[in-house]
2 protein chains.
Amino acid sequence: MDEAKRKKLEDKGWKVGTVSEFLDLTPEETTLIEIKLALSRNLKERRQKSMTQAELADKLHSSQPRVAKAENGDASVSIELLIRAMLATGATPQEIGQVIAQVG
Amino acid sequence: MDEAKRKKLEDKGWKVGTVSEFLDLTPEETTLIEIKLALSRNLKERRQKSMTQAELADKLHSSQPRVAKAENGDASVSIELLIRAMLATGATPQEIGQVIAQVG
DNA sequence: CACAAGTATATCAAATATGATATAAATGAT
DNA sequence: ATCATTTATATCATATTTGATATACTTGTG
């Protein structure tokens, strides 16, 4: 993992630590993070096509800041919220499954 | 939704309420529950093929009771834990995506 | 430039999910 | 039927995730 990518994850709150510490992440932990980031990216794409973060937040009964965090892959956002957000944009289980299946 | 199915969900802690209250669940809420239940079922199937709940709990750094709840579709279990558990059984993102895509 | 709309960041109290522990119930082998 | 293994249920203190709020930053438009 290059330094730039490491810093990017750290800035989002992922406990990546140093490069050598990163090597201690199990494949499962790495995959989980990748799934979250894939959902984040996809959420942002979908949402931008039809509404603002504030509008999505309303549908979700959440808040604009939380949607921003979700879209930016912040570590404090659960997969659960990411999926609820995807559904609120109109995504189907098929589409969500696709996004996850693409990881790896 | 028939009465038997309703009771089943209530027993697991889902706030389904009466049948008429159930009708107030949005399609998104319903889909989210269905995704969780699909992951639960699949987790149980996968896990049973190769290990006990206690063994999976160790890999997960969780506990046997929590694995039991995960496999039984308990409402207190997050999608996050379900996915971590799937990964711990050796499931790939492809397989997890499949399970979710099958919902609906 | 000014101004508005949208997005990002910080903080925090409340809600929810967590692993641990104890223990009960179920399952299955002898 | 006994006994060991496995699974389910109950409780709980701790940790994480949450929506809310305030506010800063960015972007685009007049």
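In the text below, chain A, chain B and the rest are named by the order of the sequence lines, each starting its count at 1. These numbers were taken from a predicted model, which means no experiment stands behind them.
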Protein-nucleotide distance (Gln64(A), atom CD; dT18(D), atom C1'), rounded to Å: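 Whole-Å distance recorded here is 15 Å.
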
dG19(C) phosphate, OP1 or OP2, under 4.0 Å from Arg84(B) side-chain N/O: yes

[X], nearest nucleotide to its side chain (from [options]):
| X | options | value |
| --- | --- | --- |
| Gln53(B) | dA8(D), dG19(D), dA8(C) | dA8(D) |
| Lys69(A) | dG19(D), dT9(D), dA10(C) | dA10(C) |
| Pro65(B) | dT9(D), dT9(C), dT18(C) | dT9(D) |
| Arg47(B) | dT7(C), dT7(D), dG19(D) | dT7(D) |

Assign [X] to base, sugar-phosphate, or nothing according to its heavy-atom contacts below 4.0 angstrom with the strands shown.
| X | value |
| --- | --- |
| Ser78(A) | sugar-phosphate |
| Lys44(A) | sugar-phosphate |
| Val77(B) | sugar-phosphate |
| Ser63(B) | base |

Quick check: do [X] and [Y] have side-chain heavy atoms less than 4.5 Å from each other?
| X | Y | value |
| --- | --- | --- |
| Leu56(A) | Leu43(A) | yes |
| Thr89(B) | Ser50(B) | no |
| Met86(B) | Glu95(B) | no |
| Leu37(B) | Trp14(B) | yes |

Whichever of Val67(A) and Ser76(B) has its nearest DNA chain C nucleotide further upstream toward 5':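 The residue mapped nearer the 5' terminus is Val67(A).
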
